[in-house]
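Structure record follows, encoded as structure tokens.
These numbers were taken from a predicted model, which means no experiment stands behind them. Both backbone and side-chain heavy atoms feed into the values below; hydrogens, waters and symmetry mates do not. Lettering of chains follows the sequences in order, A, B, ..., and the numbering in each one begins at 1.
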Amino acid sequence: DKKSCPDLAGTFEWDSSLNDPAFVAAPVSCFQHAPMADNWDNITVGMKVEVQNTDCDNFSEDFPDSFWVATVLKIQGYKALLRYEGFGQNSSKDFWVNLCSSIVHHVGWCAIRGRPLIPPKTVEHKYTDWKDFLVKRLTGARTLPSTFYNKVHESLKSRFRCGLNVEVVDKNRISQVKVATIEKIIGKRIHVRYYETDDDDNGFWCHEDSSLMHPVGWAHRVGHEIDAPPEYLDRCLSGVWDEDDATENLFPLQMRQKQQFNQIVSQLATNKQTGFVEGMKVEAIDPLNLSSICVATVMKVLNEGYLMIRIETYDADINCSDWFCYHQTSACIFAPGFCEANNITLTPPKGFEIGAFNWNAYLQETQSLAAPSFLFKQWEVPNHGFCQDMHLEATDIMDPRLVCVATISRVVGRLLRVHFNGWEVEYDQWLDCSSPDLYPVGWCQLVSHKLEGPRVISPPKV
Amino acid sequence: GTETKARKWEQKQVQIKTLEGEFSVTMWASGTDD
């Protein structure tokens, strides 16, 4: 409710865009981490629902007493275009609604609560007895399961709670993680406050499935740099955790990643192959400029398949503060030649002109090895369902408290180029199709997160 | 096909209440009720 939640003031509403016949939102089932993604294939056009009847005398959102049956005409993300039963071909009162909102229910919901369905004013005189009409319209039709709203509620719950300690990439030094405490959770997006920071530091936001957040003890185990208080480091050594420490069981994706890594290690051993080694060259998404895929070097191989990567676009930092940790199963690192093979502009190392860079010459010149392509995840392309020009809501990774309206501008296998509406292409982001920073249209409204609208450039003042 | 529908969707008797009275209709609801 925007009235009771000041954080939602100015949030963008999709409704006017949804009426554009060319508008296509990415389907909810494409976003595996999104609420109801697993059940969304059962939500179909033609389905009947009971929904608030706003076509009545004295309707006010404060007294939403009247309900009527409506048909789902279109589905875009979580939003559905509904038409009240009895309107036939009359589209004058069609309206968009968030299907997961509390004003939409399965047919039968009102009767269970002893409330009669009230026909909309526009059509109330069309039939003298609505029973015959409704029997004809509803018999054999589909509706939502009676547990739909409970499922929505369940799927919105986070695994985490406020007060838990985690290790999160340090926004001021990306080569290290820093101990932080969860302060707020909105739609499974987690706001943390780093330990020992000024009051004016606004902390960091990431999704609970983000690869930027780790369980307690992670840095110690994999050999990653960490900034933490001495008593925390003692706990890492002893392995005895506080009740407020977020342990590995809360990170199922990272546990799965560990299993995948063990499988890769044994596969490599069977085939007498080696994995990633220091000095190998790769192509990697620049963590500080997600619109670029750059020439990069594996600077260090950590435990459990983690790699420290340096993007070569910048001058090398003497303190290694520009290194960044990617897991070797990450879909954000690629074998040399990936960009060329997919007609993507590769950002060359510092000192090279775009277009003048050649991998073979560079490997020779630097006397280094290209990481072999079988080590990368990029060849596994799931049937993700994303297509160019689909609309969605996406986190601005450079300011991750913001979720913005966006469009998929390119699909390369499992890799998506996400464009922020109204912004220059320099602000685009390459993201994997399974990124937890992408959400269906209507997600912000569902979880009460502000949605940033397209940038509107106002004309210069005369 | 029908077999898939039978597995994924189940028939339900759904109660409807209008100002004229109550009655029931047979509808399909997805198996997520389980």
Side-chain angles (χ1 to χ4, degrees), chain A residues 36-44 46-50 53 56 66-69 71-72 85-86 99 105-120 124 127-152 154-155, chain B:
Chain A
M36 300 302 286
D38 290 344
N39 299 309
W40 208 255
D41 285 341
N42 293 335
I43 309 299
T44 54
M47 201 169 226
K48 313 287 181 188
V49 293
E50 287 181 0
N53 173 10
C56 59
S66 176
F67 277 78
W68 186 241
V69 184
T71 306
V72 174
E85 283 300 334
L99 272 177
H105 303 278
H106 63 93
V107 176
W109 182 85
C110 281
I112 290 168
R113 278 148 193 84
R115 301 164 73 155
L117 293 166
I118 314 282
E124 66 183 339
Y127 300 93
T128 47
D129 184 353
W130 284 93
K131 179 184 168 184
D132 193 41
F133 172 81
L134 286 175
V135 167
K136 278 189 189 138
R137 294 292 297 166
L138 298 180
T139 301
R142 292 176 175 189
T143 189
L144 299 169
S146 56
T147 51
F148 184 74
Y149 200 68
N150 296 343
K151 296 253 173 201
V152 172
E154 279 301 308
S155 67
Chain B
T2 316
E3 206 182 315
T4 318
K5 188 175 175 181
R7 252 185 282 127
K8 249 182 144 181
W9 296 82
E10 52 191 43
Q11 272 194 320
K12 295 211 142 195
Q13 280 299 112
V14 176
Q15 203 67 15
I16 309 289
K17 185 173 177 162
T18 63
L19 293 171
E20 291 83 23
E22 249 180 276
F23 55 94
S24 70
V25 292
T26 309
M27 295 189 79
W28 292 95
S30 71
T32 48
D33 261 6
D34 304 334

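- Proximity of B:V14 to A:L138: side-chain heavy atoms (C-beta onward) are nowhere separated by under 4.5 Å.
- The structure places OG of B:S30 at 6.0 Å from CE of A:M47, a figure rounded to the nearest 0.5 Å.
- Of the inter-residue distances, the one linking B:W28 atom CH2 with A:N42 atom CG reads 13.0 Å to the nearest 0.5 angstrom.
- Distance CD1/B:I16 to CZ/A:R137: 13.0 Å, rounded to 0.5 Å.
- How far NZ of B:K17 is from CD1 of A:I112: 12.5 Å, rounded to the nearest 0.5 Å.
- Taking each heavy atom of B:E20 and A:W130 in turn, the nearest pair found is OE1-N, 4.0 Å.
- Counting heavy-atom pairs closer than 4.5 Å to chain B, the top-ranked of the candidates A:V135, A:I118, A:T143 is A:T143.
- Residue contact with chain A, scored on non-hydrogen atoms closer than 4.5 Å, involves the backbone and the side chain of B:Q15 alike.
- Here the NZ atom belonging to A:K131 is positioned 11.0 Å from the CD atom belonging to B:E22, to the nearest 0.5 angstrom.
- A:L134 has its side chain out of reach of B:V25: every pair of non-hydrogen atoms, C-beta onward, lies at least 4.5 Å apart.
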